[in-house]
There are 2 protein chains.
Amino acid sequence: MTQDDMEAERGRFVALAMDAIKRRGEEVNRAILARETRTPRAKIDALFPEETDLFDAIVAEWFAPLIAIIEEVIPADLPPNRKFYEFYARRFLHMRQRYLADPAVFELYCELGKDHFERVESYIDLADHYLSELIAQAQADGFLPGLKIDQALSLINQMMHCYTQPDVLIYLGDRLTLDKLARIIDTLFAGLSAKDGGASGVAGLRTA
Amino acid sequence: MTQDDMEAERGRFVALAMDAIKRRGEEVNRAILARETRTPRAKIDALFPEETDLFDAIVAEWFAPLIAIIEEVIPADLPPNRKFYEFYARRFLHMRQRYLADPAVFELYCELGKDHFERVESYIDLADHYLSELIAQAQADGFLPGLKIDQALSLINQMMHCYTQPDVLIYLGDRLTLDKLARIIDTLFAGLSAKDGGASGVAGLRTA
């Protein structure tokens, strides 16, 4: 097989593995994939030499549309607040669609992601990398003043948490809306800065 | 037994049930409680006539310190942003302490709360009720302008989600800090309003 043939074949078996996950409602490893597709185990092992290769390929497939959304938004010719909105809203809509299409399988993927967080982490890091770019662009236009990029990144991640965590989508459901998402982005563009607004009080008088 | 004796006895068995939960690492029902404490089942049933009575009493015990914190903060003589901070920071610290004291048992209670959400919901509603009061106080001072209380409530709940959800505390850990909590409250006092800041774009041009 050429490299391209291998890639195509790998893609075909990742799709078959994801079908099997959906059908069986549980994680699918190489042994199960061989059985389910009546494929010699040696062939599966040639495509996925390590157990983690199959899992990683499934994760990559799950994240591909989300990364595609991000890569479409980052270079777009939009003001920073609009870009932030698209960055979150498009992924939120995509995830909600997926959730509504099959809530049980969506929950299963959330569980798998939690159980194997180390296989998923690089995608979170990649999203952070792109968000840092958006923050730098916003700061160049005078928004989010005074904050280091890492500070802004962490604060924004926390404030937007509901709209990025797939499992929050499961339990908050209809309480998450595009209008609220927009209002939260408006809030951070209007209010997020390095300025101490006094919420935590004066050191020493702080009661908490 | 007098009513007071009954109450004291019920409290004692709730404490014993919580010890058993900790020891066994699983939900404890009336049958288990009777066995674990070598108490006649009839006595347990007299104290907790329904299975849910025991569970509800455990939930009440779990939430008691959190409600006490809220009831201490609400009437405090503090400016609204300081009050918001105390409202969240004290509960966050309390939950973190509990988590650090015994991560496994904390996770177990999170699971139990998720599995029996209908028994927990009234405490969430109560916190919402008090937060609505804080919002009204803040609006009387000119903050959060133009928003209906329910709108502000939902937006603030979403922006503060990381600092109120016990299970987020488990996986975000040290990334949650009092400084960030204060910065987020400063942000919403500086930026949250009914004003459309334009993040979602003009209707029709909205790309998401």
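A note on names: the letters A, B, ... follow the listed sequences, proteins ahead of strands, and every chain is numbered from 1.
Atoms CG and CG, on L188(B) and L188(A) in that order, are 10.5 Å from each other to the nearest 0.5 Å. One finds the CG atom of D179(A) at 7.0 Å from the OG atom of S200(B) (value rounded to the nearest 0.5 Å).
Only the side chain of Y171(B) comes within contact range of chain A, judged by heavy atoms closer than 4.5 Å. For A194(B), the part lying under 4.5 angstrom from a heavy atom of chain A is the backbone only. Of the two parts of K195(B), only the backbone, made up of N, CA, C and O, holds a non-hydrogen atom closer than 4.5 Å to a non-hydrogen atom of chain A. Contacts between V73(B) and chain A at a heavy-atom distance below 4.5 Å are absent for every atom of the residue. Proximity to chain A is absent for every atom of L181(B), based on heavy atoms less than 4.5 angstrom apart.
With contacts defined as side-chain heavy-atom distances shorter than 4.5 Å, the pair R183(B)/D196(A) qualifies.
Between the side chain of N81(B) and the main chain of G197(A), a donor-acceptor pair closer than 3.5 Å is present.
Considering every non-hydrogen atom in both A199(B) and I185(A), the closest pair reads CB-CG2, 3.8 Å.
The environment of R175(B) atom CZ is sparse: at most 12 non-hydrogen atoms of other residues, nucleotides or ligands sit within 6.0 angstrom.
Within residues 116-140 of chain A, no residue has any heavy atom less than 4.5 Å from a heavy atom of chain B. Contact annotation for residues 142-163 of chain A against chain B (heavy-atom separation below 4.5 Å, listed by residue number): S154(A), L155(A), Q158(A), M159(A), H161(A), C162(A), Y163(A).
With respect to chain A, the highest number of heavy-atom pairs below 4.5 Å among T187(B), L192(B), V168(B) belongs to T187(B).
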